[in-house]
Amino acid sequence: MNHSSSRISRIRNVFSATEPYLYLVPSILIFSIFLFWPFFKTIYLSFYKTNKLGQAKLFVGIGNYKELFQSSAFINSLYVTLVFVIIVVSISMLLGLIGAILCNKTFPGIRFFSTAYALPMAIASSSAAMIFRIMLHPSIGIVNKLLHLNINWLADPRYALVLVAILTGWLNSGIDFLYFSAGLASIDETIYERASVDGAGPVRQFVHLTLPGLSPILFYTIVVNIIQAFQSFGQVKILTQGGPGDATNLIVYSIYRDAFFNYRFGSAAAESVILFVIIMCLTLLMF
Amino acid sequence: MASVTLKHIEKIYPAQDKPDGKQNLRISEEGVHAVEDFNLEIKDQEFIVLVGPSGCGKSTTLRMIAGLESISRGDLYIDGTLMNNVPPKERDISMVFQNYALYPHMTVQENMEFPLKLRKTPKEEIRRRVQEAAEMLEIKDLLKRKPGALSGGQRQRVAIGRAIVRHPKVLLMDEPLSNLDAKLRNQMRAEIIQLRKQLKTTFIYVTHDQTEAMTLGDRIVIMKDGVIQQIGTPEEVYDHPTNLFVAGFIGVPKMNFFKGTLLKTGTEYKVEIEDVIFPLPKDACKTLVSSGTLVQDVIIGVRPENILLMQTESLTQSGSTAKAQPLPTQPANAGLRALPGTADVSELMGATVQLHFTACDGDRTAVIPALQWESMQLQPGQPLAFSFRGSDIHLFSETSGKSLLREPEKV
């Protein structure tokens, strides 16, 4: 009797010690299968030359990385990505901020406008890209019709990157609109009244009150935007396939091309690792 | 330093924008009338208090003076200049807000400097004025801190400090003390009185607290549902309220109201409450005679501190006309007629006791000195008798609620 009761209590102890971990198992399992395993496998692959099935065949150490940094195509890809990120982040933040400021006052129909500004968040990048492609079509596109021009926008290296960046900026502006709206709502309304009694006009109010009031959220939004911009893929795939030339060959697209067109999985893995390091450094730097 | 004149000022909101919780405002085809026909002449360096329950239009009036709210009708003059369409920053006013409205990302010093910097005041002058204000409000040690690191009382000092550095013509204060706890509020109230002596500017102060109004104001404007009820010095509104609302609003605890009848014999007037007759003093009779007041149902108001409690012997036996004996500690009350009542709870406030009792179908309050209370110690449910002097009676028409003892307003 005594013996068995002590056994039960021991089992109970063991269970209460392991119980918290049991709850964590499902998510850890999912993360491991879809995130951690591919992540470590990628790092592993980046040190190998692979066959066409993506199996590691020949250990080359940092050979893949060396090749990448000597390849002008990859350096170009890094440069293009940098320009792209700068344009995207500026456009998306500006659109989001302007929209949020416009929608910060209540007036009839405010819900319609709020939804309109937040909508890009809900649109899949590929479907937006399809619509964009039709709009920019050299012969039937509305852009050329309206501007009375005859430009093959997406085939011209001068415009292609900027256009893809504008589309991406607009797509990302939805979430920025939400962040900024929340940020503006948290600024005390009366400080504006006080400022107008003090003698500050709208510009001064924006510079001295709104921007400092938004600064915590502004910072967070920049980080999220940069990360998001680095990872853009769908719109490039549909609009330009990295072209014309390598004008829109962003890193993620270049990884995709290396892996699934050229079957150079080792090199693609190395590029992925570099992208990961860049984003991680930026994130650490910002926080 | 300036005079402020409000002539027939009105604020009308579109009907769909009707602010919540303001059910009693007049609604016309134009919209909701938040402030109606507001007329007031504020003298230079006067301290005016706008007081009333929430939703009475006092803050709206203040915001119209500040220029934060447009004026629907009427004219606003500051120092003789029409200000209706002048933007807030050009009115040379300063405002203290209820929630302080300090810029959270600026230090106390920067907060105080901001309005001066906007006006391009020379640096030396800014420094001098900030120091001066900081000294006046004893916040010199806080200048480097940010508002988040200050207590409520300190924030309010800073808010006042930043309002006075500019030496405005008019200083507007919108319920500046209502976010503070009771003790701090009393302290800050005293400091505002001090400040007022040093500043020599015109103050317009909004509050819902009648104590603040009574202690701070040179004149008080009592408002209800967007309409001015009475304008007067604290003594005037306390001693001669124009109507039932003012009588009930000014004074803590609230004035007691009894239903009764006004009787007249020759030039003598009396009031009758539940078969007990109280003669009115001569000057009251004179006023009533001159206004030609007729016999009618009236509301009789008596302040709690004017209620005289009496010892009763056998109240239950002799019915409502009790034989009341004046208390030894009270002045000679002989000849006063008494009304019966039943004691409820009592609250010791320190030097005085507030006794709640039931009489004439209602809850009544009496304030009596604690010393006197010791000799009576009425328990809840115990019978009592009370009375009041004819000179302490406030008389209101039952139909209109207006005071019958005030001379008709000189127009």
Side-chain angles (χ1 to χ4, degrees), chain A residues 93-94 96-98 100-115 176 179-224 286-287, chain B residues 14 16-17 59 62-69 83 86-107 110-121 146-148 155 158-160 162-166 168-176 179 204:
Chain A
M93 302 254 303
L94 219 69
L97 185 61
I98 292 171
I101 289 171
L102 291 177
C103 288
N104 197 30
K105 294 260 180 311
T106 43
F107 56 88
I110 177 76
R111 274 164 189 277
F112 169 77
F113 288 100
S114 297
T115 316
D176 293 356
Y179 288 142
F180 287 135
S181 292
L184 287 176
S186 71
I187 300 178
D188 177 12
E189 199 54 42
T190 50
I191 65 170
Y192 290 101
E193 295 191 334
R194 182 199 140 180
S196 64
V197 174
D198 278 351
V203 177
R204 280 219 174 93
Q205 288 186 14
F206 180 77
V207 174
H208 290 292
L209 306 184
T210 309
L211 278 186
L214 280 180
S215 70
I217 213 145
L218 210 64
F219 182 71
Y220 171 77
T221 319
I222 291 179
V223 176
V224 171
M286 297 259 190
F287 285 104
Chain B
Q16 68 266 23
D17 292 354
S59 281
L62 192 78
R63 291 167 60 82
M64 283 194 283
I65 299 173
L68 296 171
E69 203 85 58
M83 286 288 169
V86 176
K89 59 175 178 176
E90 284 159 34
R91 295 191 184 195
D92 201 5
I93 44 159
S94 225
M95 188 157 168
V96 180
F97 294 86
Q98 180 178 357
N99 61 354
Y100 322 127
L102 298 174
Y103 306 134
H105 53 276
M106 294 187 195
T107 63
E110 288 163 343
N111 259 288
M112 290 169 76
E113 285 171 350
F114 190 66
L116 295 174
K117 276 188 182 161
L118 288 176
R119 262 149 234 267
K120 309 221 160 49
T121 316
K146 289 207 171 159
R155 276 183 219 185
V158 175
I160 294 174
R162 61 137 283 262
I164 64 176
V165 285
R166 251 186 46 212
K169 277 185 183 169
V170 186
L171 187 54
L172 308 175
M173 298 180 136
D174 189 3
E175 309 219 16
N179 280 6
I204 306 176

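Residue numbers begin at 1 in each chain, while the letters A, B, ... track the order of the sequences.
Of the two parts of Arg162(B), only the side chain, counted from C-beta on, holds a non-hydrogen atom closer than 4.5 Å to a non-hydrogen atom of chain A. Heavy-atom distances place no part of Asp174(B) under 4.5 Å from chain A, backbone and side chain included. Looking at Leu116(B), neither its backbone nor its side chain comes within 4.5 Å of chain A, counting heavy atoms on both sides. In this structure, the portion of Leu68(B) lying under 4.5 Å from any heavy atom of chain A is its side chain and not its backbone.
The number of heavy-atom neighbours closer than 6.0 Å to CZ of Phe219(A), taken from other residues, nucleotides and ligands shown, is above 12.
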Verdict with supporting geometry, Arg204(A) and Leu118(B), side-chain contact (heavy atoms from CB on, under 4.5 Å): CA-CA 9 Å; Arg204(A) 280 219 174 93; Leu118(B) 288 176; 3.0 Å; yes

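Between the side chains of Asp188(A) and Tyr103(B), no donor N or O sits under 3.5 Å from an acceptor N or O.
To the nearest 0.5 Å, the span separating CZ on Phe114(B) from NE2 on His208(A) amounts to 5.0 Å. Distance OG1/Thr190(A) to OH/Tyr100(B): 11.5 Å, rounded to 0.5 Å.
Here the closest non-hydrogen pair linking Pro88(B) and Ser196(A) is CB-O, 3.6 Å.
Judged by distance alone, with hydrogens and angles left aside, the side-chain atoms of Arg119(B) form a donor-acceptor pair with the main-chain N or O of Asp198(A) at under 3.5 Å. His105(B) contributes no side-chain N or O that, together with a main-chain N or O of Ser215(A), makes up a donor-acceptor pair within less than 3.5 Å.
Counting heavy atoms from C-beta on, the side chains of Glu193(A) and Arg63(B) come closer than 4.5 Å. With a 4.5 Å cut-off on side-chain heavy atoms, Arg194(A) and Pro115(B) count as touching.
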